[in-house]
Amino acid sequence: MMSILYILDIVLFVLFALYVGYLFLFSVASKLGTLKKLPATEIRRKFAVIFPAYKEDRVIESAVRSFLNQDYPRELYTVVVVSDQMQESTNEALAQLPICLLKANYTDSSKAKALALAMSTEVCATSDVVVIMDADNTTSPDFLLEINKAFATGRKAVQAHRVAKNLNTSVAILDAVSEEINNSIFRKGHVVLGLSSALIGSGMAIDTAWFARNVNRLQTAGEDKELESLLLRERLHIEYLDHVRVEDEKTQKKEVIQKQRRRWLAAQFGSLWDALPYLPKELLRGNIDFVDKVFQWAMLPRVILIFLTFALSVLAMLVSVEMSLKWWALCLVLAMALVLGVPSALMNRKLLKAICELPAIMFIMVGNLFHLKGAYKKFIHTEHGSH
């Protein structure tokens, strides 16, 4: 009986050590490494900036007005709003702005459909670069200038640094911290070590010609992950601009984060399932970026990883203190990996208070694992502007 326990212990430890080691490697890289500075360029590309807006009456007008303040030649960028099931008063207000307003009323709405509709217009088709924003996103006036520099270096896809717009609840603080850890590990850390950044659904820019060829292949609620898979299979590097900030409203309530995380979990595991058939071929081609992405999608959700690593450490100690030592060491490495990814500005008493909400978030995540059926294909809307 004891020999079976020891074998199980070793197998589980090796698996969890792979996960934790992966996080630690890229977290350290993000802390110690630096990203290349973008060189100046005289070339000015033409941008189409798409705001898919499904029932986003509270936030869309202010977000669009903010974006129109770009320090970029006005004739070289057009804001395109895809208004899906928004109020007529909102559409009338948007129509007064110097933008392209598209109205949609899908019975089965999705961001992928909104993007495809936008790309069917001449405004988008004749641009050089497509920028995708969320309806609540705001950014700095030099956003397009910096994105333009990245495309001048030959990049086909770029992800900006998404940051929290609000820190008004404990759940919002945890959401903000989680995103910053992702920025450190899956974006900056990856690019520092020569791999592609992960996309995040907004604050991203993609070469128009490539996007036009592929937009109709987006079929799920995880369109950002579908884009990653398509880009990486073509060996197109995804750049990350850590200094280019896009403000994004963070989830404020547990019931909202439950829906959001359910969508994210479904997108992660659905993307993994869709990518697996391509893995042998890409592995033989030496496509490390794609192989890394598949491993990333195969990882346990971080909250569940934290809980299970701690729980297994406790269980191992009940069997043998000696057996548990390696597990407690793994807990320490995991904690270091996560702490390294949190900006110093968020390390305060409010964060300590917010951490008390983690057990509730953990139960939400575990519960979501049993309710993923259909969520990968189904659009689940996250409401904005409620603070």
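The model shown is predicted, which means the values in this text are computed figures rather than measured ones.
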I'd like to know if the side chain of [X] pairs up with that of [Y] as donor and acceptor (distance under 3.5 Å, no hydrogens or angles considered).
{"X": "Ser178", "Y": "Arg302", "answer": "yes"}
{"X": "Glu247", "Y": "Thr138", "answer": "yes"}
{"X": "Asn148", "Y": "Tyr77", "answer": "no"}
{"X": "Asp128", "Y": "Thr208", "answer": "no"}
{"X": "Glu179", "Y": "His161", "answer": "no"}

Partner residues of Tyr106 under the ring pair (Phe, Tyr, Trp, His ring centres under 6.0 Å) criterion, sequence neighbours left out: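 Ring pair (Phe, Tyr, Trp, His ring centres under 6.0 Å) check on Tyr106 returns nothing, list empty.
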Between [X] and [Y], is any pair of side-chain heavy atoms under 4.5 Å apart?
{"X": "Ile147", "Y": "Arg45", "result": "no"}
{"X": "Leu305", "Y": "Leu23", "result": "yes"}
{"X": "Ile99", "Y": "Val80", "result": "no"}
{"X": "Asp274", "Y": "Ser229", "result": "no"}
{"X": "Phe307", "Y": "Leu312", "result": "no"}
{"X": "Leu102", "Y": "Val81", "result": "no"}
{"X": "Asp292", "Y": "Tyr22", "result": "yes"}

Distance under 6.0 Å and angle within 45° of ring axis: Lys326 vs Phe13: yes
Geometric cation-pi criterion Arg213 and Phe211, 6.0 Å radius, 45° cone: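 The answer is no; the distance or angle limit is not met.
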From CA spacing to verdict: salt bridge (Lys or Arg N to Asp or Glu O under 4.0 Å), Asp136, Arg58: CA-CA 9 Å; Asp136 63 306; Arg58 293 177 178 177; over 6 Å; no
All side-chain hydrogen bond (donor to acceptor under 3.5 Å, both in side chains) counterparts of Lys293, not counting sequence neighbours: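 Expected list: Glu228, Gln296.
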Contacts of Asp142 that satisfy side-chain hydrogen bond (donor to acceptor under 3.5 Å, both in side chains) - sequence neighbours left out: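 Asp142 satisfies side-chain hydrogen bond (donor to acceptor under 3.5 Å, both in side chains) with Ser140 once adjacent residues are dropped.
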Residue of the set Leu167, Asn166, Leu346 for which side-chain contact (heavy atoms from CB on, under 4.5 Å) holds with Ile173: Leu167
Test side-chain contact (heavy atoms from CB on, under 4.5 Å) applied to Phe290 and Leu231, Leu283, Leu232, the passing residue: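 By the side-chain contact (heavy atoms from CB on, under 4.5 Å) criterion, Phe290 pairs with just one of Leu231, Leu283, Leu232: Leu232.
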Tyr72 and Phe47: CA distance, side-chain angles, deciding distance, ring-ring contact (aromatic ring centres under 6.0 Å, His included) verdict: CA-CA 10 Å; Tyr72 199 77; Phe47 289 89; 5.5 Å; yes
Common cluster, Leu315/Ile306, ILVMFWY with side-chain heavy-atom separation under 4.5 Å: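 Yes, same cluster.
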Cluster link Leu8 to Phe16, ILVMFWY, side chain under 4.5 Å: yes
Aromatic ring pairing Phe67/Phe143, orientation class (parallel under 30°, perpendicular over 60°, tilted between):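 Judged by the thresholds at 30° and 60°, the geometry between Phe67 and Phe143 is perpendicular.
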Proximity of His190 and Phe26 rings by center, below 6.0 Å: yes
Criterion salt bridge (Lys or Arg N to Asp or Glu O under 4.0 Å) on Lys165 and Asp248, from CA distance to verdict: CA-CA 5 Å; Lys165 183 186 288 188; Asp248 179 75; over 6 Å; no
